[in-house]
Amino acid sequence: MATRYAAGMSANEQIGARFERLADLLEITGANPFRINALRRSARAIDASPLDLAGMILHDRASIIALAGMGEGTANRIEEIVRTGTMADLDTLSKQIPAGVPPLLDVPGLGPKKVRVLWQTAGIEDAATLKAKLLDGTVGALPGFGAKTVANILESLAFMERGIGRFCADVGWNAAQRFLALLRGAKEVERAEFAGSLRRGRDTVGDIDLLVSSSHPEQVCELFCADREIEKVLVRGDTKCSVRLKNGLQVDLRVLTGDHFGAAYLYFTGSKEHNVLLRERAQRRGMTLNEYGLYPDDGEGAPQTRGVQAIASATEESIYAALELPFIPAHLREEIGADPLGAPAPTLISMDSIRCELHAHTTASDGELSIEDLVLAAKARGFHTIAITDHSRSSGQANGLSIERLREHIAAIREVSSMISGIRILAGSEVDILADGSLDYPDDLLSELDIVVASPHTALRQDPETATKRLLRAVEHPAVDILGHPTGRMVRGRPGMDPDIAAIAQCAGRRGVALEINAHPSRLDLRDTHVRIALAAGAMIAINCDVHSEEHFDNLHFGVATARRGALTTDRCVNALDADALSGWLARPRG
DNA sequence: CTTCTGCAGAAGAGCGTGTTACGACACGC
């Protein structure tokens, strides 16, 4: 919540943030929950939309209303923001509700009802006052607040003071792999998987959702809760546990029997919005869907407890089929933009389609591997090509190569190439795109290279217009093949630039330049929404690990997940080309 | 606020767990 209106937000995100804030305020006033939910849906649809909604609202209102979850009310509000720069009822509510009250919704254990009681009956208007009145006994005397609740809220506040929010995906990935190894090693466990936003491949995770099938849930919960990385067990039931690790990450475990696994996997993978859409669809077809299965809707409660035979439950595939839907890959279960449920899912790129790595560093600049070790590592991964792309001269902090050193480096790469067979080695460079869009080496040197990845590393706070011009100039340079980590953002770090991705992608498409998804979990740049925009504008996409050490090859799945979320298909990815097609691409005519 | 059924008005996902008060409610997913 603190990051709302932060620099680096796109125009859509700034509009979406207003909707989200209005929803928070209305929730505290006790407005119709369906209305609040609808506002949040609009906020997410606006955030994720590849369309320039502010630009469209005045002349193409109908296209906005046609999007899923967007109606007249949303269009009116967007128009109001565009015309007046503000939203009248948001301003009115902001005056009525003190600024410190909505953030209290973020305190685990507090929902809108409790926040409202705290504010209206105890005059608590911010986190600091809340803490004081928890400690002096004021809160404990309020209805609905017993000793346990007071202790839990204090605990939550202390946790929040540690400043931990969402985590980069790799933190979640590593924790999940460790727990899965533990669980899969237990004889009571038939199957264990991670679900949630980690399975959907988001660039950050708020917590980890683990799912186990077993006939002995209590023993599984006991094993799980005894793990030594756990700081605190938050919830401990017979089939459901929730813990917080020492690094602050929350991990939720749910145990079910195998015949329900598909329904549970679907439910815990989410997104929440996707679940709601599926359940509404089930209702319309006279069925009811919960985490145990898809059942005929006979109007009674909880079908799984009454021995009702499920229509589908063991696999996700069977449930989608029974709902007359194509199977929707986890990466597309976000209910975003123009992706209404029921549209046929594209055949997405997958890990085994990736045939080469086109962005890697050696000890010549800031990598850990020699040319030879890098090449052998790439060969061991089964790649037909590895591109060696050390930093250029301006990247002093990364030991970028001078013109002379690059010439020597090219010769050294050619020599290794003559000694190692079975993989093609490209002599390249990750050349800096300077602030004005020029490249960091002279043209004649760039033309000697087999491949050029051009990337921005500095001046990442440029305004969108300057950034767009800068990147366009790089894409138009005849030597450039790939635009590396185009915005320079760092996940949970810096916002990076906010250029007009559509314009850049359109130019890249014309010139045969690929836009990179940098697979490092701290970058994931392009991000998922950018990939959609770039594909619509006609660009090819690269998925590169930006290898600095052997383990970096293992980051590929993060990049592929981002690509899948952006609906990238194999035919639009340069890393999926076979060796000849890749050569053909690199030999394309340059204007 | 949006969507769907029928054009104005209703309906809107479903469950486990914990707290607080002992059936009901809030919360979080």
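Numbers restart at 1 for each chain; the letters A, B, ... are given by sequence-line order, proteins then strands. This one's a predicted model, so the numbers in the text were calculated from it and none came from an experiment.
- Rounding to whole angstrom units, CG of residue L289(A) and P of dG12(B) are separated by 15 Å.
- Taking atom P on both nucleotides, dA26(B) is separated from dA21(B) by 12 Å, rounded to a whole Å.
- Counting only Watson-Crick and G-U wobble pairs whose two distances sit under 3.5 Å, DNA chain B takes part in these stems of three or more pairs: B:1-5 with B:8-12, B:14-19 with B:24-29.
- The interatomic distance linking E273(A) (CD) with dG12(B) (P) rounds to 19 Å, in whole Å.
- When the side-chain nitrogen and oxygen atoms of T239(A) are compared with OP1 and OP2 of dG16(B), none of them lie within a distance under 4.0 Å.
- Every side chain to side chain donor-acceptor pair (under 3.5 Å) that D259(A) has, sequence neighbours left out, goes to T257(A).
- Residues in residues 125-161 of chain A take part in no ring pair (Phe, Tyr, Trp, His ring centres under 6.0 Å) pair, two or more places apart or across chains.
- No hydrogens or angles considered: a donor-acceptor pair under 3.5 Å links the side chains of Q250(A) and D252(A).
- For S42(A) and V150(A), each mapped to the nucleotide of DNA chain B holding its nearest heavy atom, the one lying further toward the 5' end belongs to S42(A).
- For R236(A), the side chain to side chain donor-acceptor pair (under 3.5 Å) criterion is met by no residue, not counting sequence neighbours.
- A distance of about 25 Å separates the P atoms of dC15(B) and dT20(B), rounded to the whole Å.
- The side chain to side chain donor-acceptor pair (under 3.5 Å) test applied to E324(A) returns R285(A), not counting sequence neighbours.
- When the P atom of dT2(B) is taken as reference, atom CD1 of I64(A) falls 12 Å away, rounded to whole Å.
- Using a 4.0 Å heavy-atom criterion, one finds that A147(A) contacts the sugar-phosphate atoms exclusively.
- Applying the salt bridge (Lys or Arg N to Asp or Glu O under 4.0 Å) definition to pairs two or more places apart or across chains, those involving residues 70-87 of chain A are R61(A)-E72(A), R61(A)-E79(A), R77(A)-D89(A), E79(A)-R83(A).
- Regarding L93(A), its CG atom lies at a distance of 11 Å from the P atom of dC1(B), rounded to whole Å.
- Between T149(A) and dG18(B) there is no side-chain N or O to OP1 or OP2 distance below 4.0 Å.
- Whole-Å rounding puts the Q283(A) CD to dT2(B) P distance at 22 Å.
- R77(A) comes within contact range of the sugar-phosphate backbone alone, with a heavy-atom separation under 4.0 Å but no base atom that close.
- Using a cutoff of 4.0 Å between basic side-chain nitrogens and carboxylate oxygens, R200(A) and E273(A) are not scored as salt-bridged.
- Electrostatic pairing of R489(A) and D203(A) counts as a salt bridge here, judged by a charged N lying under 4.0 Å from a carboxylate O.
- Within residues 31-39 of chain A, the residues having any heavy atom closer than 4.0 Å to DNA chain B are, in order of number, N32(A), F34(A), R35(A), A38(A), L39(A).
- In this structure, F179(A) and F224(A) have tilted ring planes: the angle between them lies in the 30° to 60° band.
- Rounded to an integer number of Å, the gap from E155(A) CD to dG18(B) P is 15 Å.
- Within 4.0 Å of N275(A), counting heavy atoms only, lies no atom of the nucleic acid at all.
- Atoms CZ (R306(A)) and P (dG14(B)) sit 12 Å apart, rounded to a whole Å.
- Note: Y320(A) and H274(A) have tilted aromatic rings, judged against thresholds of 30 and 60 degrees for the angle between ring planes.
- The salt bridge (Lys or Arg N to Asp or Glu O under 4.0 Å) pairs that include a residue from residues 133-148 of chain A number zero, where partners must be two or more places apart or lie in different chains.
- Looking at R244(A), its side chain never comes within 3.5 Å of a backbone N or O of V251(A) through a donor-acceptor pair.
- The gap from the C1' atom of dA13(B) to that of dC27(B) amounts to 16 Å, rounded to the nearest Å.
- The interatomic distance linking L22(A) (CG) with dC1(B) (C1') rounds to 10 Å, in whole Å.
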For this session: Classify every nucleotide of nucleotides 21-29 of chain B by which part a protein heavy atom approaches to under 4.0 Å, writing B for the base, S for the sugar-phosphate alone and - for neither, in 5'-to-3' order.
Result: S----SSSB

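- In terms of the ring-ring contact (aromatic ring centres under 6.0 Å, His included) criterion, Y295(A) has no residue partners (sequence neighbours excluded).
- dT17(B) and dC22(B): their P atoms are spaced 23 Å apart (whole Å).
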Just the atom pairs and distances: protein N or O near nucleotides 3-5 of chain B's N or O, under 3.5 Å.
unit_1 : atom_1 : unit_2 : atom_2 : d
dT3(B) : OP1    : G69(A) : N      : 2.9

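- Among residues two or more places apart in sequence or in another chain, the side chain to side chain donor-acceptor pair (under 3.5 Å) test is passed with R199(A) by Y265(A), T269(A), E316(A).
- In terms of phosphate contacts, Y292(A) brings no side-chain nitrogen or oxygen within less than 4.0 Å of OP1 or OP2 of dA13(B).
- dG12(B) and dG16(B) are spaced 22 Å apart, taking the C1' atom of each and rounding to whole Å.
- The existence of a salt bridge linking R40(A) and D24(A) is confirmed by a sub-4.0 Å separation between a basic side-chain nitrogen and an acidic carboxylate oxygen.
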